[in-house]
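Written out below as structure tokens is the structure these notes cover.
Below, all heavy atoms of this structure are taken into account, side chains as well, without hydrogens, waters or symmetry copies.
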Amino acid sequence: MASLALYYQQLVDLPAAQSLCVLVGLPKLISYWPALLGISIVFQLLRLSSNSLSSLVFGAKFDSLSARQKYDWGIRVVSQVHAIIVVVLAVPVFFKEELRRDTLYGFNDHAAQLYTIVCGYFLWDIFVPSLQYYGASFIMFEASTIFLNINWWLDKLGMTGSRLQFYNASILLSLYFIVRIVFGTYMSYSLFKDLDAHGTQTSTTLYYFYRVGNHAILGLSYYWFYLMISAVKKRFPTKVVDKAKKVA
């Protein structure tokens, strides 16, 4: 473990890497770029091994899927692991004093580690110490992804319309409404309220980029929620719902 930490520090101390991070205006990235690349590799290894592991766990049901479905399955395995990890790690961000004192430009190592994982997953970085507090609120959207992936897997395992899928869909809709519609709308309002009052380090261009992007995401969230409700109504006839309620 000590040798691994030493090797990591040697990568951090590489003059070329440090100079590049400073040159592109991301000095905070110096301490985290090896982890970012490492996490990207770990996600890729998980993707490559997911089909073999899934075949062992689910047997013939998984083996009968098409090549395209197996590929999508692996993508969702990585998505599921990422969603669970970042949602769990995002919660403490809201209680970090340095971020609560400065919700726009505060910096915290735990938050930076969280965004290292996010950047490793999406292969893009946001290491400028900006909006770390509010970034965690939008990462919380991933909480609904966990149950969305489970819903997809249940379809592929031949459990469409089952009670288990009904219970999962109920949790999915409830969680989606809480984290994306209610919490997301509130945090969006708070974000722009803070930016309007104290966002002196945020350029006008970036401000409107945030606003347009945020409104687009929120609008899509409301639209997707409508589509999800419609899909659940079609997938679960009244009889299935009544049965599920009786069992519960």
Side-chain angles (χ1 to χ4, degrees), residues 1-12 14 17 21 26 28-93 109-127 132 135-160 164-165 168-169 171-172 175-176 179-180 217 224:
M1 199 70 179
S3 59
L4 183 62
L6 179 61
Y7 179 67
Y8 184 93
Q9 190 58 47
Q10 289 175 342
L11 291 175
V12 170
L14 286 174
C21 290
L26 298 173
K28 295 291 183 182
L29 184 57
I30 293 174
S31 299
Y32 301 98
W33 74 262
L36 188 152
L37 294 180
I39 289 168
S40 297
I41 294 172
V42 168
F43 279 134
Q44 177 63 10
L45 292 175
L46 176 61
R47 161 69 190 89
L48 294 174
S49 62
S50 63
N51 283 6
S52 297
L53 295 173
S54 298
S55 180
L56 288 174
V57 174
F58 299 106
K61 286 189 175 181
F62 176 81
D63 294 336
S64 64
L65 298 177
S66 67
R68 178 63 187 179
Q69 288 175 328
K70 288 179 180 178
Y71 177 82
D72 289 342
W73 182 288
I75 294 296
R76 288 175 182 270
V77 168
V78 178
S79 169
Q80 185 79 342
V81 172
H82 167 260
I84 292 173
I85 292 174
V86 298
V87 166
V88 171
L89 293 180
V91 174
V93 171
D109 187 61
H110 174 87
Q113 292 173 12
L114 166 64
Y115 294 123
T116 299
I117 296 174
V118 174
C119 290
Y121 178 68
F122 290 108
L123 294 178
W124 57 282
D125 64 71
I126 47 171
F127 275 86
Q132 286 196 344
S137 66
F138 299 107
I139 287 175
M140 288 300 294
F141 285 8
E142 287 292 289
S144 62
T145 300
I146 297 170
F147 296 93
L148 183 62
N149 285 332
I150 292 174
N151 191 71
W152 188 90
W153 284 325
L154 290 174
D155 274 340
K156 303 312 172 189
L157 293 173
M159 302 179 69
T160 302
L164 179 58
Q165 192 176 54
N168 181 75
I171 297 173
L172 169 60
L175 200 56
Y176 190 100
V179 299
R180 286 182 179 253
I217 291 173
W224 288 332

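- Rounding to the nearest 0.5 angstrom, the gap separating the CD atom in E142 from the CD1 atom in I146 is 8.0 Å.
- When all heavy atoms of V87 and I139 are compared, the pair lying nearest together is CG2-O, 4.2 Å.
- Nearest heavy-atom pair, F141 versus I217, reported as atom, atom and distance to 0.1 Å: CE2-CG2, 4.2 Å.
- No more than 12 heavy atoms of other residues, nucleotides or ligands sit less than 6.0 Å from atom OH of Y71.
- Contact of the R47 side chain with the V77 side chain is not registered, since no non-hydrogen atoms from C-beta on lie closer than 4.5 Å.
- Listed for the Y115 side chain is a donor-acceptor partner under 3.5 Å among the backbone atoms of Q132.
- Note that CD of Q165 is 10.5 Å distant from CG of L157, once rounded to the nearest 0.5 Å.
- Taking both residues in full, the closest heavy atoms of P34 and V12 are given as CG-CG2, 4.0 Å, listed atom of the first, atom of the second, then distance.
- The minimum heavy-atom distance linking Y8 with S31 is given by the pair OH-O, 2.8 Å.
- Without hydrogens or angle criteria, S79 side chain to I75 main chain gives no donor-acceptor distance under 3.5 Å.
- Side-chain contact between Q10 and L6 is present, with at least one heavy-atom pair separated by less than 4.5 Å.
- Here the straight-line distance linking atom CG of N151 with atom OG1 of T145 works out to 12.5 Å at 0.5 Å rounding.
- Rounding to the nearest 0.5 Å places OG of S137 at 12.0 Å from CZ of R180.
- A tilted orientation is assigned to the rings of W73 and W153, their planes being inclined by 30° to 60°.
- With salt bridges taken as basic N to acidic carboxylate O contacts below 4.0 Å, one links R68 and D72.
- Pairing each heavy atom of K156 with each of L65, the nearest pair is O-CD2, 3.8 Å.
- Listed for the S40 side chain is a donor-acceptor partner under 3.5 Å among the backbone atoms of G120.
- For the pair W33 and L29, the minimum side-chain heavy-atom distance is below 4.5 Å.
- To the nearest 0.5 Å, atoms CD1 (I30) and NZ (K28) are separated by 10.0 Å.
- Using a distance-only test at 3.5 Å, with no hydrogens or angles considered, no donor-acceptor pair links the side chain of H82 to the main chain of I117.
- The minimum heavy-atom distance between T116 and L36, with the atom names listed, is CG2-N, 3.6 Å.
- Checking side-chain atoms of S55 against main-chain N and O of N51 turns up no donor-acceptor pair under 3.5 Å.
- Note that the CG atom of L53 and the CZ atom of F62 stand 9.5 Å from one another [nearest 0.5 Å].
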